[in-house]
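Working notes, structure below.
All values derive from a computational prediction rather than experimental measurement.
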Protein chains: 2
Amino acid sequence: MSNSGNRQPTIIDIAKAAGVSKSTVARALSGSPHIGEASRERVLTAVRALGYERNHLAHSLRAGRTGMIGLVIPDIANPFWAEVARGAQDAAAANGSSLLIFSSDWDAAREASHLRALRQARVDGAIVNPVADNVDGLGRFGLPVVLIGSSAERFPELSSVGSDIAQGVALGLDHLASLGHFRPALLLGSPNRLARVRFLRVVHDHCLAHDIDPATLMIEEGEYTVESGKAATLRLLEREGAAVRCIFAANDLMALGALLAVREAGLTCPGEVSILGFDGIPAGAFSDPGLTTIEKPARSIGLEGIKLLAEAIDGNLDHRRVLLECTLTMRGSLARTEKDNRSARLVAGGRN
Amino acid sequence: MSNSGNRQPTIIDIAKAAGVSKSTVARALSGSPHIGEASRERVLTAVRALGYERNHLAHSLRAGRTGMIGLVIPDIANPFWAEVARGAQDAAAANGSSLLIFSSDWDAAREASHLRALRQARVDGAIVNPVADNVDGLGRFGLPVVLIGSSAERFPELSSVGSDIAQGVALGLDHLASLGHFRPALLLGSPNRLARVRFLRVVHDHCLAHDIDPATLMIEEGEYTVESGKAATLRLLEREGAAVRCIFAANDLMALGALLAVREAGLTCPGEVSILGFDGIPAGAFSDPGLTTIEKPARSIGLEGIKLLAEAIDGNLDHRRVLLECTLTMRGSLARTEKDNRSARLVAGGRN
DNA sequence: TTGAAAGCGCTAACAC
DNA sequence: GTGTTAGCGCTTTCAA
């Protein structure tokens, strides 16, 4: 069993079959003009006959680029991130490159290990939504990177794409205010996430603009999951009781958890407690009531990420920050409140 | 700018820095015993100093295996498949390999192109849920493959993993029967999917066992999406009217769509129409009412897939078929019916 | 137009 | 214990 065992044929096999040298085969394959019509024909015939397919490894090793791109996101099972992955996938395919998707599970160590794997795989670049405390590791990544999300501030030299959280949060807050909710309780992610800081900052500004003392805001925190959102809401309800008339969650999964908690506490939504989410995952359409939410353009984020990364890989040094607009998706989880819960207005405070 | 430009260091750089040959470096790196303590130290020091990381491409080219595995699923944005991917991802990581995830979008051409890409990337093997009409392409894949789902029947020589659809459907049907629903309307996927055939077969058997004429079953079909499920249900309601007291959907997304349709038609669920899903996606917990469904062990499917593939890659010739049990997740979308809708009992029929 | 040869980074014989 | 060498499959000079 000499050459034509079962392994995939190489250009050498083709060369033999076509009676030419391997350089000629390479030329035919790459569509080089420096080759005779006759040889080209014979090569192509042999290629079809043997079912040759170029070995990407060897090609990449020689070419110095793999056509592979890494995508590191917190959780592929979270519909929002799955949608981002979908967008990136599509864009990458259109681009001729393939995507290596990794879930970091919000864990810095895992993220670091994934980044290392990507570097070793010699991906051409990576798109990552970094876990906060790992930001240093990212700085030394050594390959073109595009950031997704809020961490861009810490890396002014990297391109980044994200939804405009400031605009989104303001959009939500304004809408809540228009319904009479001036002091929504906040369901936030863990403190070491930049997204949380961002979120809070906008809320603060908004409060000040509306003469509310930010210090009086009710805040609970947890992870970005349904269970965690539910638990956090239960704690909130326990602690604040009837003062909770509106909840603004930093992510839809938590909002859905809040919904469960409210129901479990024997309260009604939106009757007694209004809930506003953030993300725009499809599941929000099925809840009872439907989840009103600030929708991020998930798929576009993935798509833009690939675009920016392609630029960076092509050596385009000037980084860019793409901010995609959030939209308000109204369903049934918000109700107008009669009580003006601005009770904690900034009157004795420093301002005014 | 000679050697230490900006490129990643190679073993040659390390060799130079440590004052040894590259084989010695390789030995130190691979933990070979045939090396002096002194050299090992110096190599390791140099490795740390230069931040060396092994080039996977070169390694793979030499080793003949890449440690990469392909996963081809219909849609990464479908929560069920995202969960499968998650399970596979975790198992692969534990395994030291990385996963290349592709969405085929239920499209044979796309699937074929992904399989080609995987072959060219020299993945060690692939796990795929094949689009029906592409089954031939799969036969010629030429690499170890593990099938997910029902197509296993067409490839008795391949390992496969899937949920036990027969058991799951029977479970659902029995439960429906226990509530008085003997002739659920069926919401099925497109005819060229093997899963549909399977599903129907079990329903038929069940009908016969309960003296129901399968030909009297109400059937609608569509794609495995919410929109499609909704449209199909609307058609069903339009056509059959009040005869529709129970719907059994072949997938949760369609079931959720059915729920929307029922609501839109001014009907109540489960009061007037009961709905049973199939998959067990998280979103089913938030609908109104909660979706009762047959839950497939999505994550385990991914996990087992990797296990089987690892076996196949290791040259374990005897294929295996792993069937994971489905469970019934009861929420609120099913109600007991008073009317015995076995009206179409097999009395005049051929049997008996 | 074509072939020979070098080399991408790594590992595994094979000498010494 | 260590260095030298060949070669994985490919592309790309450089000669002819």
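- Relative to the side chain of B/S39, the nucleotides D/dG1, D/dG9, D/dC10 differ in distance, and D/dG1 lies closest.
- D/dT13 atom C1' lies 12 Å from atom NE2 of A/H34, rounded to whole Å.
- Mapping B/L61 and B/S30 onto DNA chain C via the closest heavy atom, the residue that lands nearer the 5' end is B/L61.
- Among the protein residues, A/I11 comes within range of the nucleic acid bases, having at least one heavy atom under 4.0 Å from a base atom.
- Across C/dT11, C/dA5, C/dG9, the shortest atom-to-atom separation from the side chain of A/K22 is found for C/dA5.
- Applying the 4.0 Å criterion to OP1 and OP2 of C/dC8, one finds that B/R62 has every side-chain N and O outside that range.
- Across the protein-nucleic acid pair, B/Q8 atom CD and C/dC8 atom P stand 15 Å apart, rounded to whole Å.
- When each of B/G19 and A/H59 is assigned the nucleotide of DNA chain D with its nearest heavy atom, B/G19 is the one assigned upstream, toward the 5' end.
- Looking at heavy atoms from C-beta onward, B/D13 lies in side-chain contact with B/R7 at the 4.5 angstrom threshold.
- A straight line from CD of A/E53 to C1' of D/dG9 spans 14 Å, rounded to a whole angstrom.
- Under the 4.5 Å side-chain criterion, counting only non-hydrogen atoms from C-beta, A/V72 is not in contact with A/I127.
- Taking only side-chain atoms of B/S23, from C-beta outward, the nucleotide of C/dT11, D/dC10, D/dG3 with the closest atom is D/dG3.
- Comparing B/R27 and B/H56 against DNA chain C, the residue whose closest nucleotide sits nearer the 5' end is B/H56.
- Between A/W106 and A/Y224, the ring planes lie tilted relative to each other; the angle falls in the 30° to 60° range.
- Side-chain atoms of A/R110 and A/S104 form no donor-acceptor pair, as typed in the model, at a separation below 3.5 Å.
- Between B/I14 atom CD1 and C/dG9 atom P there is a gap of 13 Å when expressed in whole angstrom units.
- If B/A38 and A/T10 are placed on DNA chain D by their nearest nucleotide, the residue sitting closer to the 5' end is B/A38.
- Distance CZ (B/R42) to P (D/dG3): 10 Å, rounded to an integer number of Å.
- Between C/dG3 and A/T24, a contact under 4.0 Å exists linking OP1 or OP2 to a side-chain N or O.
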